[in-house]
Amino acid sequence: MVDCIVWNGRIRTMDPLCPWAQAFAISGGRFVVVGSNDEVLPLQRGVPYCRKIDLRGRLVLPGFTESHMHLLDWALGRQQIDLHTLGSLKDVLAAVKTHVEDRTVAPMRGGWVLGLGWNESRWPEKRMPLRQDLDRVCADRPVLLLRSDLHLAVANSRALALSGIGVDTPEPDQGVIGRDEAGVPNGILQDLAIHLVRKVIPEPTEAEAEDAVLSALPALQSLGLTGIHDFRLMDGIEGPLCLRILQRLRERDELGMRVWWLAPDRLFSEVVGLGVRTGMGDDMLRIGHLKLFADGSLGAHTAWMMEPYRSGGCGIQLKPMTEIALRIRCAEEAGIAVAVHAIGDRANHELIALFEDLERSRPGHIRRTMARAPHRIEHLQMVRPEDICRLGRLSVMGSVQPRQATDDIALMAREIGDRGRISYRFRDLINAGVELALGSDCPVADPSPLNGIHAAVTRQREDGSPEGGWYPDQCLNVDEAVWGYTVGPARITARERDLGSITPGKLADFVVLDSDIYRMDPREILNTRVEMTVCGGRVVYDQRRDA
């Protein structure tokens with residue numbers, strides 16, 4: 001029996017057998033008929049409680065999936081000082097000072113002052129903040145401010161002292177402590193050096209963390225998201241905490257979106273020992289890939305590069321390729337797919353060679369079971385042309401973040417110059433046969449899929465710069481970008497039978513937009529809004545209701 005009929009619309013199904021439709025019918029949380037108004041409307045006859053949604057010509061797309069985000073970190077970060085939009089070091093320091101002096105703001109855990117999202121690449125000061133800067137506005141409370149890429153932070157003197165970081169502190173494995181000419185820590189912490197501070201910050205209670213996630217989910221649904229791929233930060237809050245929260249929300253039917261949860265590498269032994277496999281779970285919550293790290297980030301100057309940054313150094317190899325290869329072989333034997341973080345051109349070069357060796361030597365019994373989900377490379381920010389061609393011949397998919405391309409324009413110009421031409425080569429990757437799933441790496445960038453589509457199609461910032469786009473030969477068209485937020489995430493999780501397109505038999509996830517992104521100047525996509533988000537046939541966001 002039909003539960004709902006959606007009609008009178010312009011529906012981009014993303015199904016190659018029926019690319020466009022006017023209407024569809026839903027029954028039991030799945031699409032049952034997709035076609036014209038004349039084909040679908042008669043299905044309501046004799047059904048007394050069939051809901052009808054008149055689209056009035058609006059565009060409908062399959063539900064969006066965010067393919068790379070840090071849910072718990074973002075949810076908790078919404079309670080911290082938001083530094084994403086601040087345009088100078090002066091503004092950042094003023095925000096910290098205002099926060100500290102605001103008597104209406106309850107102190108965070110242990111009195112810590114936490115902030116997230118600063119990015120010095122477009123600041124007039126042309127430098128990162130240091131501990132002395134933070135000390136001037138807050139000396140008596142510990143302060144830790146994470147850069148937008150989450151791979152670098154700055155701490156004040158109080159935070160360094162509480163963490164035991166001093167002149168004699170050795171460099172941590174997979175991290176760097178910034179120092180002045182005398183060897184005194186200057187407050188800058190790169191990659192796992194951040195953990196030296198984070199481990200002394202009192203963690204939220206489980207109830208506090210659950211409340212943060214529960215309050216964050218509606219914001220994601222309002223962006224048209226019906227699914228996310230949830231990662232843990234390599235030095236972040238314990239992965240099992242978020243998984244426990246997600247399980248409880250699922251049990252109470254409060255999740256409202258589909259979550260593909262990726263396990264951190266440090267839990268590998270436990271995951272394998274329990275017999276956990278990629279794809280375990282149900283339609284709302286599944287165990288996904290195992291997350292590994294090959295290198296750091298461009299903003300932290302820890303992405304592993306072929307040639308030095310202009311400021312010196314070639315970055316960091318966070319885990320030797322021999323260890324990554326061993327981990328992947330063990331994961332495959334256990335039925336687990338892997339997602340490997342690789343940003344620099346050296347990291348991607350070495351990783352692609354590793355996957356080539358694995359595909360040549362993979363035993364037949366493993367090869368037959370790889371359909372549960374392909375391996376994936378996260379970010380693929382800098383990849384040389386010859387390596388793109390090699391990657392296109394592999395069964396590995398790419399998970400990329402268009403908004404980071406536009407956010408990094410100034411950083412690229414300052415640190416790598418003309419080598420920016422091998423960065424964020426989305427067009428070349430697709431032309432080479434690499435299938436892409438798109439995301440934001442939220443809270444690194446805004447999780448809005450429409451903002452991501454705009455960045456992928458225009459390669460411009462929100463203010464329209466640079467004119468014509470940054471390396472515009474790498475622009476995607478609108479349909480390719482939509483594919484990356486719909487079909488791509490379904491394929492990278494081996495869930496094409498249930499997700500990714502508006503097709504009879506698939507789960508009824510879709511989004512209604514207030515304007516048609518296929519028929520507008522791509523620069524106007526930023527002004528498009530989500531009117532309705534539906535997950536499994538249930539309305540989880542309605543602009544009219546939730547306004």
Side-chain angles (χ1 to χ4, degrees), residues 63-75 77 116-117 148-151 216 220 223-236 239 242 246 257-265 278 286-299 303 337-343 347-348 351 373-383 396-408 424 426 429 434-453 455-456 476 481 483-495 499-500:
F64 295 133
T65 294
E66 159 64 61
S67 296
H68 188 125
M69 79 170 295
H70 308 276
L71 175 61
L72 183 54
D73 305 280
W74 178 66
L116 173 67
S148 59
D149 62 359
L150 309 182
H151 285 258
L220 297 176
L223 302 175
L225 287 166
T226 56
I228 62 171
H229 297 177
D230 180 36
F231 290 72
R232 302 273 31 83
L233 289 176
M234 61 180 175
D235 62 340
C242 192
L246 294 170
M257 65 172 50
R258 309 185 194 283
V259 181
W260 183 261
W261 184 83
L262 290 91
D265 180 37
T278 294
R286 294 194 181 221
I287 302 297
H289 294 66
L290 174 76
K291 175 69 180 297
L292 307 174
F293 281 87
D295 67 346
S297 79
L298 285 168
V338 301
V340 188
H341 166 116
I343 287 182
N348 280 294
L351 186 59
H375 295 317
R376 50 196 280 181
I377 300 178
E378 303 301 315
H379 309 305
L380 285 169
Q381 285 186 10
M382 295 185 66
V383 192
V396 178
M397 285 187 65
S399 169
V400 301
Q401 297 77 41
R403 266 299 292 269
Q404 290 190 31
T406 56
D407 287 346
D408 282 350
Y424 300 100
F426 304 146
L429 286 163
V434 182
E435 293 187 325
L436 301 178
L438 305 187
S440 68
D441 203 3
C442 171
V444 172
D446 189 311
S448 166
L450 289 168
N451 287 0
I453 291 169
L476 302 184
W483 194 97
Y485 277 104
T486 55
V487 184
R491 291 179 65 83
I492 210 169
T493 57
R495 299 209 64 202
L499 300 171

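Just so it is clear, the values below take in all heavy atoms, side chains as well, and ignore hydrogens, waters and symmetry mates.
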In short, R403 meets N451 closest at the heavy-atom pair NH1-ND2, 3.5 Å

On a heavy-atom basis, which atom in L223 and which in P449 lie closest, and how many Å separate them? O-CD, 3.5 Å

What heavy-atom pair brings S67 and A437 nearest, and what distance separates the two atoms? OG-CB, 3.4 Å

For residues L246 and C242, determine if any side-chain heavy atom of one lies less than 4.5 Å from a side-chain heavy atom of the other. yes

Determine yes or no for a side-chain-to-main-chain donor-acceptor pair under 3.5 angstrom, with D230 supplying the side chain and L71 the backbone. yes

Under 3.5 Å: donor-acceptor pair, side chain of D295, backbone of I343: yes

Parallel under 30°, tilted from 30 to 60°, perpendicular over 60°: which one fits the rings of H229 and W260? tilted

Check whether T278 reaches the backbone of G288 with its side chain - one donor and one acceptor, N or O, closer than 3.5 Å. yes

Heavy-atom pair of closest approach, residues D408 and Q381: OD2-OE1, 4.0 Å

For the student: nearest non-hydrogen atoms of M382 and N348, plus distance: O-ND2, 3.1 Å

Work out which heavy atom in S440 is nearest to a heavy atom in Q401; give both atom names and the distance. C-CG, 3.6 Å

Applying the side chain to side chain contact (heavy atoms under 4.5 Å, CB included) criterion to L438, which one of Y485, W483, F64 satisfies it? Y485

For F231 and H68, take the angle between the two ring planes, folded into 0 to 90°, and tell me which bin it lands in: parallel under 30, tilted 30 to 60, perpendicular over 60. parallel

How far apart are the C-alpha atoms of L220 and M257, what are their side-chain angles, what is the distance that settles it, and do they pass the side chain to side chain contact (heavy atoms under 4.5 Å, CB included) test? CA-CA 9 Å; L220 297 176; M257 65 172 50; 3.7 Å; yes

